[in-house]
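Encoded as structure tokens, the structure appears first; notes follow it.
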Amino acid sequence: MAIDLFWDDSEQSVLLAEFNGKWSWDELHKTISTIKSLSKERGQVFGAIIDLRKGMHLPGGNIFNKEGLDQFKRLLSLGDDGDEQGPVVVLGMNGMVKMVFDAIKRVDKSIVETVAFAKDEADARTIIYRAVANLNNQASA
């Protein structure tokens, strides 16, 4: 599989998804499904680091073809089931990621409210663990 999913911490509050090489839309949706299943099983919302540094690739070459647009719509509908989305930090920002992010933002800003970008691993971990702590503080208040 070109998308590997790991726990980033021993408390199992942050997931690390590493994209390696060429991945498929099916692999992406299986990864998202796994995260949602874990969240439902444990009754908790997780933070996630999405590491695109070794796998910045879009199946089909870009999002502006029929399959890409269909998949884009499918990704946009992920929050429609009422599941709360945890904080996400993206590593590996480049022009293509920015283009996709900006397109999502134009369609529905609320979808990307919890998404941040990091310049390196240390920055990603600082951002995500602060966001998870804030999430936990809000839940216990």
Any side-chain heavy atom of Leu5 within less than 4.5 Å of one from Ile35?
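Leu5 vs Ile35: side chains touch.
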Minimum heavy-atom distance [X]-[Y], with the two atoms named:
X: Arg53; Y: Gly92; value: CG-CA, 3.7 Å
X: Ala116; Y: Ile127; value: CB-CG2, 3.9 Å
X: Gly47; Y: Val132; value: CA-CG2, 3.9 Å
X: Leu91; Y: Ala118; value: CD2-O, 3.8 Å

In Å and rounded to the nearest 0.5 Å, what is the [atom1] to [atom2] distance from [X] to [Y]?
X: Gln44; Y: Leu135; atom1: CD; atom2: CG; result: 9.0 Å
X: Thr31; Y: Glu27; atom1: OG1; atom2: CD; result: 7.0 Å
X: Asp123; Y: Phe117; atom1: CG; atom2: CZ; result: 12.5 Å
X: Thr126; Y: Glu121; atom1: OG1; atom2: CD; result: 11.5 Å
X: Leu38; Y: Phe46; atom1: CG; atom2: CZ; result: 5.5 Å

Check side chain to side chain donor-acceptor pair (under 3.5 Å) between Asp8 and all other residues, then give those that pass, not counting sequence neighbours.
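For Asp8, the residues satisfying side chain to side chain donor-acceptor pair (under 3.5 Å) (neighbours in sequence not counted) are Arg125, Tyr129.
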Whether Thr34 side chain and Lys30 backbone form a donor-acceptor pair below 3.5 Å
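Checking the backbone N and O of Lys30 against the side chain of Thr34, a donor-acceptor pair under 3.5 Å is found.
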In terms of hydrophobic clustering (I, L, V, M, F, W, Y; side-chain heavy atoms under 4.5 Å; direct or indirect links), are Ile32 and Val90 co-clustered?
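Yes, same cluster.
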Can you hop from Phe19 to Val115 via hydrophobic side chains spaced under 4.5 Å?
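Same hydrophobic cluster.
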Assess whether side-chain contact (heavy atoms from CB on, under 4.5 Å) is satisfied between Val88 and Ile50, documenting all intermediate values.
CA-CA 7 Å; Val88 174; Ile50 308 298; 3.6 Å; yes
Side-chain donor-acceptor pairs of residues 10-18 under 3.5 Å, sequence neighbours excluded:
from: Gln12; atom 1: OE1; to: Arg42; atom 2: NH1; distance (Å): 2.6
from: Gln12; atom 1: OE1; to: Arg42; atom 2: NH2; distance (Å): 3.0
from: Ser13; atom 1: OG; to: Asp9; atom 2: OD2; distance (Å): 2.5

